[in-house]
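Chain letters run A, B, ... following the sequence lines, proteins first, then strands; residues in each count from 1.
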2 protein chains.
Amino acid sequence: MDNRTRILQEALRLFSNRGYEAVGVQEICEAAEITKPTLYHYFGNKIGLLEAILHHWGVDFDQRVSVAAEYHGDLPLTLNRLVKAFFELAALHPEFYRLQLALWFAPPESEAGKTILPSLKRQHDSIEALFRKAADDHGNMRGRDRIYAISFLGLVNSYAAIFLNNLTQLDDELCFRILHHFMHGIYS
Amino acid sequence: MDNRTRILQEALRLFSNRGYEAVGVQEICEAAEITKPTLYHYFGNKIGLLEAILHHWGVDFDQRVSVAAEYHGDLPLTLNRLVKAFFELAALHPEFYRLQLALWFAPPESEAGKTILPSLKRQHDSIEALFRKAADDHGNMRGRDRIYAISFLGLVNSYAAIFLNNLTQLDDELCFRILHHFMHGIYS
DNA sequence: CTTTTATTGTACCGATGAGTATAATAAAAC
DNA sequence: GTTTTATTATACTCATCGGTACAATAAAAG
């Protein structure tokens with residue numbers, strides 16, 4: 001493994017476990033067994049390192065979400081695929097997902113929070129677009145794409161958070177239950 | 001206003017805007033126009049200050065949520081009251097709510113995240129208890145109190161976050177839409 | 001008034017923060 | 001082999017970090 005990758009991985013581990021601000025560059029260097037100028041050579045500065053992390057793991061994230069959100073006429077199937085995509089990502093990249101959750105409602109003026117905003121917006125937009133297209137087939141849903149996208153993400157990420165705290169399994173049954181609730185409400 | 005209260009308010013403002021770790025004690029002292037030993041006199045250390053903040057504003061929060069979550073046989077009414085309680089809290093204490101959201105999915109080993117956990121758990125437990133009681137009147141809901149509490153909080157906090165970013169108003173119509181979706185799903 | 005307690009400050013500590021100039025070493029190109 | 005480029009390090013900067021010893025000041029109690 002090359003140094004650059006090892007720095008990314010160690011930094012991700014530390015940031016996801018303790019937060020971007022609480023972990024200093026020196027600690028990351030010690031974990032990655034390199035010195036500070038090496039880190040600065042590759043990433044320019046601390047925020048550059050975070051940007052590199054968000055890009056490195058974000059590519060797979062964005063791709064899986066946007067592919068899963070493609071609507072071809074079957075909304076339950078698409079939503080099922082989408083929930084599954086998020087769950088897979090939580091299982092494949094737990095640390096990255098955890099970092100993303102930590103920054104989801106980050107303070108408005110925080111460096112890390114501002115840096116991740118474009119990524120979060122992309123995710124939201126993919127899902128909102130899905131509901132917008134689905135509204136063509138479901139008249140009742142018209143004009144609600146935004147509210148449903150917000151709700152969907154709120155739901156999925158709440159469960160992802162609980163999974164990442166080892167308090168649940170993200171299995172097919174849970175997927176079914178979440179979607180059932182989302183689509184049909186609490187009385188059915 | 002006494003110094004202690006001014007420290008609490010300035011710290012809350014800074015923490016909610018930039019995050020607990022990113023704001024140093026010196027900066028809080030300058031904002032509150034006192035010196036560090038004064039702050040340490042009142043709060044012992046930095047985490048003591050955060051604990052005092054969580055307690056100071058958390059009392060009202062806990063009380064409003066637990067009162068609103070009392071179930072007397074009418075679930076839609078109770079849920080409506082509960083959503084309204086959260087929205088009121090967002091409007092009355094935006095900075096405190098923002099801080100709470102920032103720490104909701106905080107990194108597991110972060111000082112601030114660990115400190116707020118008891119508060120978050122209390123909120124969750126009030127809501128889970130509500131759904132447990134409501135399940136006596138709605139057989140279909142039995143065994144789902146946890147999943148509904150998680151979903152409910154995921155929803156409400158997602159909207160609170162958007163409100164706090166000035167992207168929406170938390171009015172009666174939005175309250176209705178959120179609850180309608182929560183209770184009846186997306187097709188109705 | 002004096003004494004005690006509460007409140008507030010001056011000056012300081014050692015460690016760590018993000019970052020940098022320059023040199024050394026390793027690898028690639030010719 | 002030499003030269004160029006890429007990679008990595010030593011040693012350092014100034015600022016800030018959370019916190020503290022002790023003193024000074026203000027307020028309360030007697």
Side-chain angles (χ1 to χ4, degrees), chain A residues 1-56 99 102-103 106-116, chain B residues 1-56 99 102-103 106-116:
Chain A
M1 182 173 2
D2 66 27
N3 278 342
R4 188 179 189 277
T5 302
R6 194 160 66 249
I7 299 169
L8 285 176
Q9 293 190 343
E10 289 298 325
L12 175 63
R13 181 175 64 82
L14 291 164
F15 290 159
S16 77
N17 210 36
R18 304 227 309 284
Y20 172 79
E21 292 286 347
V23 178
V25 171
Q26 181 58 37
E27 189 177 355
I28 295 163
C29 292
E30 280 159 17
E33 296 178 319
I34 48 96
T35 61
K36 281 204 263 188
T38 302
L39 186 147
Y40 284 102
H41 169 76
Y42 285 107
F43 304 106
N45 51 31
K46 191 180 180 183
I47 200 68
L49 172 58
L50 181 63
E51 282 163 358
I53 286 169
L54 296 179
H55 181 260
H56 186 92
L99 179 63
L103 299 178
E109 292 302 319
S110 64
E111 259 201 335
K114 289 197 277 188
T115 302
I116 202 172
Chain B
M1 186 180 349
D2 67 24
N3 277 342
R4 189 180 188 274
T5 303
R6 192 159 68 250
I7 299 168
L8 285 176
Q9 293 190 343
E10 289 298 326
L12 174 63
R13 181 176 64 81
L14 292 165
F15 289 158
S16 77
N17 210 35
R18 307 231 304 287
Y20 173 78
E21 291 287 346
V23 178
V25 172
Q26 181 59 37
E27 191 177 352
I28 296 163
C29 292
E30 281 160 16
E33 296 179 317
I34 48 94
T35 62
K36 280 205 261 189
T38 300
L39 185 147
Y40 285 101
H41 168 76
Y42 286 108
F43 305 107
N45 51 30
K46 192 180 179 184
I47 199 69
L49 172 58
L50 180 63
E51 281 162 359
I53 286 168
L54 296 180
H55 181 261
H56 187 92
L99 179 63
L103 299 179
E109 293 304 313
S110 65
E111 255 197 342
K114 289 197 279 189
T115 302
I116 203 172

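- Of all heavy-atom pairs spanning A:Asn17 and B:Pro108, the tightest one is OD1-CG, 3.5 Å.
- Judged as a side-chain hydrogen bond (donor to acceptor under 3.5 Å, both in side chains), and not counting sequence neighbours, the contacts of A:Asn3 are A:Arg6.
- Screening residues 16-36 of chain A for ring-ring contact (aromatic ring centres under 6.0 Å, His included) gives A:Phe15-A:Tyr20 as the qualifying pairs, with residues at least two apart or on separate chains.
- For A:Ser110, the side chain to side chain contact (heavy atoms under 4.5 Å, CB included) partners two or more places apart in sequence, or in a different chain, are A:Ala106, A:Pro107.
- In this structure, B:Glu30 places its CD atom 13 Å from P of C:dG9, rounding to the nearest Å.
- Note on residues 30-40 of chain B: no pairs pass salt bridge (charged side-chain N to carboxylate O under 4.0 Å, His left out), not counting sequence neighbours.
- In plain terms, the two heavy atoms of B:Ala11 and B:Ile28 that are nearest each other are CB-CG2, 4.0 Å.
- When rounded to the nearest whole Å, the span between CD1 of A:Ile34 and P of D:dA9 equals 7 Å.
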Review item, nucleotides 21-29 of chain C N/O atoms under 3.5 Å of protein N/O:
none

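- Within the structure, the ring-ring contact (aromatic ring centres under 6.0 Å, His included) test picks out no pair touching residues 24-43 of chain B (sequence neighbours left out).
- In this structure, A:Tyr42 places its OH atom 18 Å from P of C:dT20, rounding to the nearest Å.
- Minimum interatomic distance between B:Cys29 and B:Thr35 (heavy atoms only, all atoms of both residues): SG-C, 3.7 Å.
- The side chain of B:His41 places an N or O atom within less than 4.0 Å of a non-bridging phosphate oxygen (OP1 or OP2) of C:dT7.
- Every side-chain hydrogen bond (donor to acceptor under 3.5 Å, both in side chains) that B:Glu27 has, sequence neighbours left out, goes to B:Arg18.
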Contact list (N/O, under 3.5 angstrom) for nucleotides 13-19 of chain D vs protein:
from   : atom 1 : to      : atom 2 : distance (Å)
D:dG18 : OP1    : B:Lys46 : NZ     : 2.7
D:dG18 : OP2    : B:Val25 : N      : 2.7
D:dG18 : N7     : B:Lys36 : NZ     : 3.1
D:dG18 : O6     : B:Lys36 : NZ     : 3.4
D:dG19 : OP2    : B:Lys46 : N      : 2.8
D:dG19 : N7     : B:Lys36 : NZ     : 3.3
D:dG19 : O6     : B:Lys36 : NZ     : 3.0

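- Atoms CZ (B:Phe43) and P (C:dT8) sit 11 Å apart, rounded to a whole Å.
- Closest heavy-atom contact between B:Ala31 and B:Leu14: CB-CD1, 4.1 Å.
- Taking the side-chain hydrogen bond (donor to acceptor under 3.5 Å, both in side chains) definition, one finds that B:Glu10 meets it with B:Arg13, sequence neighbours left out.
- Proximity of A:Thr38 to the phosphate of D:dA9: a side-chain N or O atom is located under 4.0 Å from OP1 or OP2.
- Within residues 2-19 of chain A, the residues having any heavy atom closer than 4.0 Å to DNA chain D are, in order of number, A:Asn3.
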